[in-house]
Amino acid sequence: MNLGIPLRRRRTKSLSLSYISKASAFFLAVAILVILIALYHHQHSLCHFSVLSADSLDMLINQESSSAYRKPDRVPTHSLSSTARKPGERPSKCTVEELFVVRDHLRPLVCAASAIKDPCLQKCSITIATKCPDTSNYLEEYYKVLQKQYLKSSEPNEFESFVGLSIGCNKGFDALNTLRMGTFDGSLSKEEWKTGMLKDGELGNSVCAQDTTNPFSVDMHIIEPRKGVVHCFEPVPSTVKKLKELSKDLGYDKKGLKVIHAAVDKEPGTAFFKSSDVSGLENHGLGLCLNQKLNEEGCDQEVEVLTLANYVKENIPGDGPIHILQIDVEGYDNNVLLGAKKEVLERVEYLEFEYNWMGPWGTQHLYDTIETLDDLDITCYWVGQKKLWRITGCWQLYFDIHTWSNVACVNRRMAPDLAEKMEEVFQQTLKIPYLEIGFTEPVTKKLREDLSPRRAAMAAKAVSIDPDIMTAKYLQ
């Protein structure tokens with residue numbers, strides 16, 4: 001019987017140690033779990049958008065606008081896309097690090113809150129960043145190098161003739177400067193052109209003040225300009241009449257400025273445009289007179305509609321380069337590209353177009369356009385004030401938000417030096433730790449009210465940082 005006592009004592013001691021050991025393990029496990037949960041929420045605090053409401057989106061907008069959140073430090077420590085590659089080779093895809101730098105510059109949250117709800121407000125950071133782009137640090141620099149080569153050449157006539165296409169020529173200032181830059185012809189004067197456009201009539205306002213921006217600097221030692229032509233397509237009757245008259249009066253038609261009275265689309269045909277006493281009106285595209293209400297307000301001028309494929313085949317035959325293609329046609333930009341087809345696009349060295357929600361763009365996807373161009377060796381970027389953000393190989397879902405913006409592209413095969421220069425500008429842009437874009441004005445209450453469940457869901461996807469979601473193709 002006495003043997004039972006010590007045995008019971010030993011068992012009690014053993015049990016006590018066991019309870020203590022188990023309790024310690026339990027509390028340690030709980031502590032580790034709490035730490036892991038805290039880390040998870042710290043790293044993924046922006047991922048919980050599955051049930052995003054207007055209130056929670058409003059909260060996130062306020063958070064993004066706060067000083068604590070607006071000072072990110074995500075400068076890439078290395079870059080796969082900047083590694084050495086052969087001339088004309090496709091740049092490597094953006095690293096996740098680089099994608100987040102782009103998001104720091106071009107904030108998706110305000111785009112999701114504003115452009116999905118009302119793109120006309122133009123509050124999206126991409127809109128603000130790419131409004132009235134300045135391409136002087138790569139495109140003009142590239143042509144300055146060509147100008148030096150032309151000047152040093154013993155046989156300038158051996159330089160291939162410059163070819164430019166300006167679709168939606170409007171007042172002609174951009175087309176004129178493109179011709180001046182491509183032909184190194186200092187006699188083509190913006191000031192002279194502006195004076196003529198203002199004479200005997202009213203001139204529409206220039207949103208980007210193309211009439212006052214500095215023209216391309218032509219070397220004074222060039223005596224004989226390079227041969228070349230810019231085909232200036234303009235459908236609005238009052239504007240094209242002024243363009244043709246002025247080009248002839250100044251003798252610019254003999255220097256290569258060719259004005260064509262036509263609209264450009266993916267299929268040939270005819271379309272109606274409004275009569276007006278004012279020339280150079282902007283936002284007057286193919287879609288203007290498709291609205292029945294507007295048809296009652298003077299949409300009585302029938303205009304020919306061309307495709308670039310047909311026009312180029314008849315007027316610029318062969319397989320030589322089309323050095324610059326500029327498109328600004330109020331929502332029909334992608335239709336112009338579709339109508340150009342592979343035969344034309346693979347000849348284009350440099351391309352600019354607008355992306356927005358108007359006209360056919362409203363049901364088309366930028367991703368598809370970028371992929372099509374990439375298959376033709378063309379790399380595209382968001383283009384800003386001496387800054388570039390690559391889209392090709394750096395796609396993010398919120399780019400699918402239809403917002404007013406400008407895109408610049410380069411043919412890697414046709415213009416490898418220009419392609420390299422543009423990629424250098426992109427890499428330099430990435431080194432900027434933070435850009436004050438899209439926060440010059442507070443996000444107004446109007447942007448945050450009454451988001452429908454469908455729009456809230458789209459906004460949730462647009463701002464997600466889940467890699468599978470943030471690099472998806474389409475919002476809907």
Side-chain angles (χ1 to χ4, degrees), residues 57-58 60-67 69-72 74 98-138 174 205-210 212-213 282-283 328 330-331 333 352-358 361-362 366 370 380-391 394-409 425-426 428-448 455 458-459 462-463 470 475:
L57 187 62
D58 179 62
L60 288 168
I61 291 171
N62 289 332
Q63 180 187 29
E64 177 146 340
S65 300
S66 70
S67 58
Y69 188 76
R70 290 172 60 190
K71 300 296 182 183
R74 287 173 173 157
E98 289 171 330
L99 293 180
F100 274 108
V101 174
V102 172
R103 291 167 82 89
D104 284 339
H105 292 179
L106 310 175
R107 294 297 180 89
L109 195 54
V110 176
C111 291
S114 62
I116 288 176
K117 180 177 175 63
D118 190 353
C120 293
L121 293 172
Q122 299 190 31
K123 298 288 185 180
C124 177
S125 56
I126 296 176
T127 301
I128 296 169
T130 67
K131 183 178 180 180
C132 304
D134 181 353
T135 62
S136 60
N137 63 328
Y138 67 88
D174 286 339
N205 180 52
S206 294
V207 173
C208 291
Q210 294 96 325
T212 61
T213 54
E282 299 185 5
N283 299 327
D328 183 358
E330 313 307 326
D333 305 61
E352 290 179 355
F353 62 88
E354 278 192 350
Y355 172 59
N356 53 50
W357 70 94
M358 298 173 65
W361 258 137
L366 180 62
I370 298 301
C380 294
Y381 303 78
W382 297 118
V383 54
Q385 293 286 323
K386 296 185 179 180
K387 297 177 183 67
L388 292 171
W389 297 269
R390 180 147 53 84
I391 307 173
C394 303
W395 178 260
Q396 300 196 51
L397 180 60
Y398 79 100
F399 293 171
D400 193 44
I401 297 173
H402 289 73
T403 183
W404 214 303
S405 49
N406 286 284
V407 178
C409 310
V425 173
F426 168 56
Q428 291 166 5
T429 302
L430 288 181
K431 292 177 182 178
I432 302 172
Y434 180 74
L435 289 176
E436 191 75 17
I437 293 174
F439 294 100
T440 53
E441 299 177 33
V443 181
T444 64
K445 184 179 179 182
K446 185 180 189 310
L447 302 180
R448 304 191 295 245
R455 286 175 173 170
M458 289 175 63
V463 300
M470 68 183 279
L475 271 172

Counting only N and O atoms by type, is there a donor-acceptor contact under 3.5 Å from the side chain of [X] to the main-chain atoms of [Y]?
X: Y355; Y: D400; result: yes
X: W389; Y: T429; result: no
X: Q396; Y: A462; result: no
X: D134; Y: K386; result: no
X: T403; Y: I401; result: no

Calculate, to the nearest 0.5 Å, the distance between atoms [atom1] and [atom2] belonging to [X] and [Y] respectively.
X: K387; Y: T130; atom1: NZ; atom2: OG1; answer: 12.5 Å
X: H105; Y: S125; atom1: NE2; atom2: OG; answer: 11.0 Å
X: N356; Y: T127; atom1: CG; atom2: OG1; answer: 9.5 Å
X: L106; Y: C124; atom1: CG; atom2: SG; answer: 8.0 Å
X: D333; Y: E354; atom1: CG; atom2: CD; answer: 6.0 Å
X: S405; Y: I391; atom1: OG; atom2: CD1; answer: 7.5 Å

For the residue pair [X] and [Y], establish whether any side-chain heavy-atom pair is separated by less than 4.5 Å.
X: L109; Y: Y398; answer: no
X: E352; Y: T135; answer: yes
X: M470; Y: R103; answer: yes

task: Test side chain to side chain contact (heavy atoms under 4.5 Å, CB included) on L397 and V463 and set out the steps.
output: CA-CA 8 Å; L397 180 60; V463 300; over 6 Å; no
Nearest heavy atoms of I126 and C111, plus distance in Å: N-SG, 4.0 Å
query: Looking only at heavy atoms, which two atoms of C132 and N406 are closest? And how far apart?
result: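 Nearest pair, atom of C132 first, then N406: N-ND2, 4.2 Å.
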- prompt: Which of parallel (below 30°), tilted (30 to 60°) and perpendicular (above 60°) describes F399 and W382?
  reply: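 Answer is perpendicular, since the angle exceeds 60°.
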- request: With side chain to side chain contact (heavy atoms under 4.5 Å, CB included) as the test, would you mind laying out the steps for W404 and M358 before giving the verdict?
  value: CA-CA 9 Å; W404 214 303; M358 298 173 65; 3.5 Å; yes
task: Kindly indicate, with the supporting measurements, whether the criterion side chain to side chain contact (heavy atoms under 4.5 Å, CB included) is fulfilled by V102 and E98.
output: CA-CA 6 Å; V102 172; E98 289 171 330; 5.7 Å; no
- request: For Y138, check ring pair (Phe, Tyr, Trp, His ring centres under 6.0 Å) against everything at least two apart and list the hits.
  value: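 For Y138 there are no ring pair (Phe, Tyr, Trp, His ring centres under 6.0 Å) partners, ignoring immediate neighbours.
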